[in-house]
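Notes to accompany the following structure.
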Amino acid sequence: MTKKFLCRVAEIPENGLKEVAAEDGEKLLIASSGGELYGYQASCPHQEVALCEGLYDGSVLTCHMHLWQWDIRTGEPMGIAEAPLRKYALAVEDDSVFIAAEASALDVGELFRGISAPTSEKLMALARSEQHEAGAVLYGPGDAAEDFFILDSGRVEFVLGRVERTAPGGFMLNKGEVFGWAALLEDYPRRIASARCLEPSVLLRIRGKAALAVLEEDPASGYLVMRRLAALIARHLAAR
Ligand code: FES
């Protein structure tokens with residue numbers, strides 16, 4: 001991907017925050033800290049709240065809604081926060097700020113970020129890309145759970161259990177987020193949630209058993225993924 005223009009450097013307050021939109025409409029939060037710029041997802045990973053409205057002291061960002069916090073240099077959660085911020089690589093050229101390059105959906109998401117490069121490559125080799133229209137139902141409770149998905153672009157709503165909804169009300173998933181994770185659990189052959197596209201979306205579909213076989217070959221990466229998967233499931237269950 002070619003780099004995408006975001007804004008002028010002068011538009012970002014020193015040790016402050018600014019929400020910007022790339023040419024294709026993708027929104028980012030840019031934070032200035034000690035003369036460096038950091039790019040993150042614009043909305044809180046907890047609920048749809050603009051992070052630019054949060055509290056920021058130049059090093060720690062606090063969402064004003066439920067006080068989740070992050071280290072602005074890494075995006076890692078602090079205190080009661082349960083999920084990291086999705087980070088974007090930025091490039092500064094002359095007086096302009098760009099998204100430097102697009103990381104793969106596997107790399108930006110919480111579940112697989114930081115796994116070894118060979119394991120990441122093997123997982124990507126298993127992935128099949130799919131496009132779906134807005135409103136497409138990807139699966140519902142009781143469906144066979146053979147594959148899991150990584151959202152590459154677009155937006156997906158994920159709802160645990162059998163809940164009738166006429167408007168979005170579950171978890172709003174963004175790029176890199178994993179859903180359909182029952183396919184990564186032993187003895188869970190059926191879906192326990194539903195997922196539908198809120199806008200045209202591109203997904204990576206990966207067979208759960210094949211991914212588990214790859215992770216078993218790399219115990220350090222496998223342990224990292226399983227630890228994060230446990231935290232992800234706990235967070236979804238706690239929010240029901
Ligand atoms: S919406 Fe940000 S912490 Fe809850």
Side-chain angles (χ1 to χ4, degrees), residues 6-7 12-13 15-22 25-33 36-90 99 103 105 107-114 149-151 153-161 163 165-181 192-199 201 227-240:
L6 292 172
C7 66
I12 305 162
N15 292 318
L17 305 172
K18 182 174 178 60
E19 183 178 289
V20 297
E26 183 173 16
K27 287 184 179 174
L28 266 73
L29 177 77
I30 298 185
S32 158
S33 177
E36 298 288 330
L37 297 179
Y38 301 89
Y40 290 104
Q41 63 189 87
S43 301
C44 181
H46 184 208
Q47 294 175 0
E48 287 291 291
V49 170
L51 288 171
C52 62
E53 296 171 6
L55 312 169
Y56 180 54
D57 65 1
S59 61
V60 175
L61 171 62
T62 304
C63 176
H64 67 285
M65 191 61 77
H66 306 104
L67 305 181
W68 282 20
Q69 293 184 307
W70 301 271
D71 180 333
I72 209 66
R73 290 178 178 79
T74 62
E76 288 301 313
M78 301 172 64
I80 61 171
E82 297 177 9
L85 293 180
R86 188 168 71 257
K87 195 171 187 179
Y88 291 76
L90 300 182
I99 298 177
D107 293 331
V108 300
E110 148 186 16
L111 196 58
F112 295 103
R113 194 167 62 199
F149 303 88
I150 305 171
L151 184 58
S153 67
R155 302 194 74 206
V156 165
E157 182 197 31
F158 170 82
V159 181
L160 271 172
V163 182
R165 292 188 187 277
T166 55
F171 290 89
M172 304 304 143
L173 305 183
N174 294 298
K175 176 169 178 161
E177 292 193 73
V178 172
F179 58 102
W181 33 255
I192 56 172
S194 61
R196 70 183 175 109
C197 297
L198 296 178
E199 54 187 60
S201 300
R227 208 177 63 188
R228 289 186 181 152
L229 180 61
L232 181 73
I233 294 170
R235 188 164 78 242
H236 285 171
L237 291 175
R240 284 189 76 185

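This structure is a prediction, so every number in the text was calculated from the model and none was measured. Numbering of ligands and ligand atoms starts at 1, following listing order.
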Of all protein heavy atoms, the one nearest atom 4 (Fe) of ligand 1 is H66 ND1, 2.1 Å

Taking only heavy atoms of M65 into account, list the atoms of ligand 1 that are under 4.0 Å away from them. 1 (S)

Atom indices of ligand 1 within 4.0 angstrom of Q47 heavy atoms, with elements: 1 (S)

Do E53 and E19 come within less than 4.5 Å of each other through their side chains, counting heavy atoms only? no

With respect to atom 4 (Fe) of ligand 1, what is the nearest N, O or S atom of H46? ND1

Counting distance only, does the side-chain N/O of S201 pair as donor-acceptor with the main-chain N or O of R155 below 3.5 Å? yes

Pairing of E76 and K87 as salt bridge, 4.0 angstrom limit: no

In terms of the angle between their ring planes, are W68 and H46 parallel, tilted or perpendicular, with boundaries placed at 30° and 60°? parallel

How open is the angle at atom 2 (Fe) of ligand 1 from atom SG of C63 over to atom SG of C44, rounded to 10 degrees? 110°

S33 and R73 side chains, donor-acceptor separation under 3.5 Å: yes

